[in-house]
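The chain is numbered in sequence order, starting from 1. Below, all heavy atoms of this structure are taken into account, side chains as well, without hydrogens, waters or symmetry copies.
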Amino acid sequence: MTSGPLQLTVLGSATPYPSTDNPCSGYLVSGGGARLWVDAGTGTLARLQRHVRLDEVDAIWISHLHADHCADLLTAYYGALHADIRLAAPIPLYGPPGIADRLAHFLTNTSVRSPVEAAFDVRELHDGHRARVGALSLTSRAVAHGIPAFALRVEAEGASLVYSGDTAPCAALTALAEGCDVLLCEADSARPPAGEEPVHHTPEDAGETAEAAGAGRLIVTHVGPFLTPRQAVDRALARFGGPVAHADPGAAFTVG
């Protein structure tokens with residue numbers, strides 16, 4: 001891949017399980033020659049390989065440890081160590097605290113712990129975590145999902161993309177997204193029952209977060225099965241004055 005502008009490619013956006021034509025949450029973010037796999041939901045590894053081989057990925061970033069955002073790390077592990085992939089070094093893996101042990105607990109079938117670290121160079125996230133992946137500058141913020149969960153801001157060559165991960169509306173996400181070119185925000189379909197704390201954005205919430213942050217563009221993703229993408233876009237448009245699109249699987253967006 002040659003050097004180029006910041007770009008978002010949607011590998012999948014379904015929740016809570018993949019549909020016949022849409023994997024779960026996963027995205028390829030690229031810019032300046034660097035390639036970052038953001039969330040590894042079910043089915044996204046297959047889609048990733050339409051664009052880049054696993055051993056050509058510069059890093060992986062995982063928002064939280066629900067399966068629809070990380071399950072394909074398990075198959076990526078087998079690909080990295082037991083197939084036709086020959087890694088020069090373990091793939092940098094940014095994820096919530098405990099991600100290595102979570103993977104190892106699933107992968108280990110004997111008394112000997114599976115060598116997760118041979119496939120992944122694990123780097124645990126914390127609120128305010130910063131890193132560089134080639135030309136990409138990454139900033140992570142802790143967000144409100146009922147479990148350790150993070151949102152991500154990616155910047156390169158003056159362009160900025162913010163990904164909500166899964167979260168209820170919260171000040172940390174709004175602050176992270178301030179002035180961004182593109183906000184990729186989950187837009188699940190409904191609020192929780194009375195008395196329960198929200199852990200997701202509704203489409204209206206996504207519009208309000210984008211408006212409050214002054215985002216240039218909103219892309220809604222992670223739309224629940226009880227809404228169509230068109231309905232989610234229309235509901236977000238009612239709260240946001242800028243352009244709104246849906247994260248259709250396979251769609252590519254140039255950021256900035």
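- In plain terms, the two heavy atoms of Ile219 and Ala247 that are nearest each other are CG2-N, 3.7 Å.
- The only member of Thr167, Asp166, Asp39 that meets side chain to side chain donor-acceptor pair (under 3.5 Å) when paired with Ser63 is Asp39.
- Considering all non-hydrogen atoms of both residues, Pro203 and Leu227 come closest at CG-CD1, 3.7 Å.
- Nearest heavy atoms, Ala177 versus Leu183: CB-CD1, 4.2 Å.
- Between Leu48 and Val57, some side-chain heavy-atom pair lies under the 4.5 Å cut-off.
- To the nearest 0.5 angstrom, Leu138 atom CG is 10.5 Å from Arg123 atom CZ.
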*When you look at His201 and Leu173, which way does the side chain to side chain contact (heavy atoms under 4.5 Å, CB included) test go after all the steps?*
CA-CA 11 Å; His201 277 64; Leu173 175 60; 3.6 Å; yes

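- The distance from the CZ atom of Arg153 to the SG atom of Cys180 is 6.0 Å, given to the nearest 0.5 Å.
- Heavy-atom minimum distance, Phe240 versus Ala215: CZ-O, 3.4 Å.
- With hydrogens and angles disregarded, a donor-acceptor distance shorter than 3.5 Å links the side chain of Thr75 to the backbone of Asp72.
- Thr108 contributes no side-chain N or O that, together with a main-chain N or O of Thr110, makes up a donor-acceptor pair within less than 3.5 Å.
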_Step-by-step side chain to side chain donor-acceptor pair (under 3.5 Å) determination, Ser25 to His222_ = CA-CA 7 Å; Ser25 293; His222 198 274; 4.6 Å; no

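- In terms of modelled atom types and a separation under 3.5 Å, the side chain of Ser114 and the main chain of Leu107 share a donor-acceptor contact.
- At distances below 3.5 Å, not a single donor-acceptor pair connects side-chain atoms of Glu117 with backbone N or O atoms of Val122.
- Within 6.0 Å of CZ on Arg102 lie no more than 12 heavy atoms contributed by other residues, nucleotides or ligands.
- When each of Leu218, Val244, Val162 is paired with Cys185, the side chain to side chain contact (heavy atoms under 4.5 Å, CB included) condition holds for Leu218 and for no other.
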*For side chain to side chain contact (heavy atoms under 4.5 Å, CB included), just list the numbers for His51 and Thr9, CA-CA rounded to whole Å, side-chain angles, deciding distance to a tenth of an Å, and then say yes or no.*
CA-CA 9 Å; His51 308 279; Thr9 302; 3.6 Å; yes

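- Ile62 places a side-chain heavy atom less than 4.5 Å from the side chain of Leu73.
- Distance alone, capped at 3.5 Å, places no donor-acceptor pair between the Arg217 side chain and the Asp181 backbone.
- For the pairing with Tyr27, the ring-ring contact (aromatic ring centres under 6.0 Å, His included) check across Trp37, Trp61, Tyr163 returns one residue only, Tyr163.
- Results of the side chain to side chain contact (heavy atoms under 4.5 Å, CB included) test with Val220 over Leu237, Val233, Asp188 single out Val233 as the only residue that passes.
- With rounding to the nearest 0.5 Å, the separation of CG in Asp205 from CZ in Arg239 is 8.0 Å.
- Checking side-chain atoms of Asp58 against main-chain N and O of Val133 turns up no donor-acceptor pair under 3.5 Å.
- Heavy-atom minimum distance, Gly32 versus Ala135: CA-CB, 3.9 Å.
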*Yes or no on side chain to side chain contact (heavy atoms under 4.5 Å, CB included) for Ile99 and Leu65, after CA distance, side-chain angles and deciding distance?*
CA-CA 7 Å; Ile99 187 171; Leu65 296 180; 3.7 Å; yes

*asked:* Is there a side chain to side chain donor-acceptor pair (under 3.5 Å) between Asp248 and His246? Walk through the geometry before answering.
replied: CA-CA 6 Å; Asp248 293 335; His246 176 257; 2.7 Å; yes

*Give the C-alpha distance, both sets of side-chain angles, the deciding distance and a yes or no for ring-ring contact (aromatic ring centres under 6.0 Å, His included) between His129 and Tyr94.*
CA-CA 10 Å; His129 184 280; Tyr94 299 92; 5.7 Å; yes

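- Between the side chain of Ser164 and the main chain of Glu186, a donor-acceptor pair closer than 3.5 Å is present.
- To the nearest 0.5 Å, atom OG1 of residue Thr139 and atom CG of residue Leu176 are 7.0 Å apart.
- For the pair Ala34 and Gly134, the tightest heavy-atom approach, listed with the atom from each and the gap, is CB-CA, 4.2 Å.
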*Applying side chain to side chain contact (heavy atoms under 4.5 Å, CB included), run through Thr221 and Val10 and close with a yes or a no.*
CA-CA 9 Å; Thr221 190; Val10 180; 5.6 Å; no

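- Taking CG from Leu125 and CZ from Arg130, the interatomic distance works out to 13.0 Å, rounded to the nearest 0.5 Å.
- In this structure, the side chain of Arg86 engages the main chain of Ala83 through a donor-acceptor pair within 3.5 Å.
- If you take OG1 on Thr15 and NE2 on His66, they are separated by 10.0 Å, rounding to the nearest 0.5 Å.
- In Glu178, the CD atom is not crowded: 12 or fewer heavy atoms of neighbouring residues, nucleotides or ligands sit closer than 6.0 Å.
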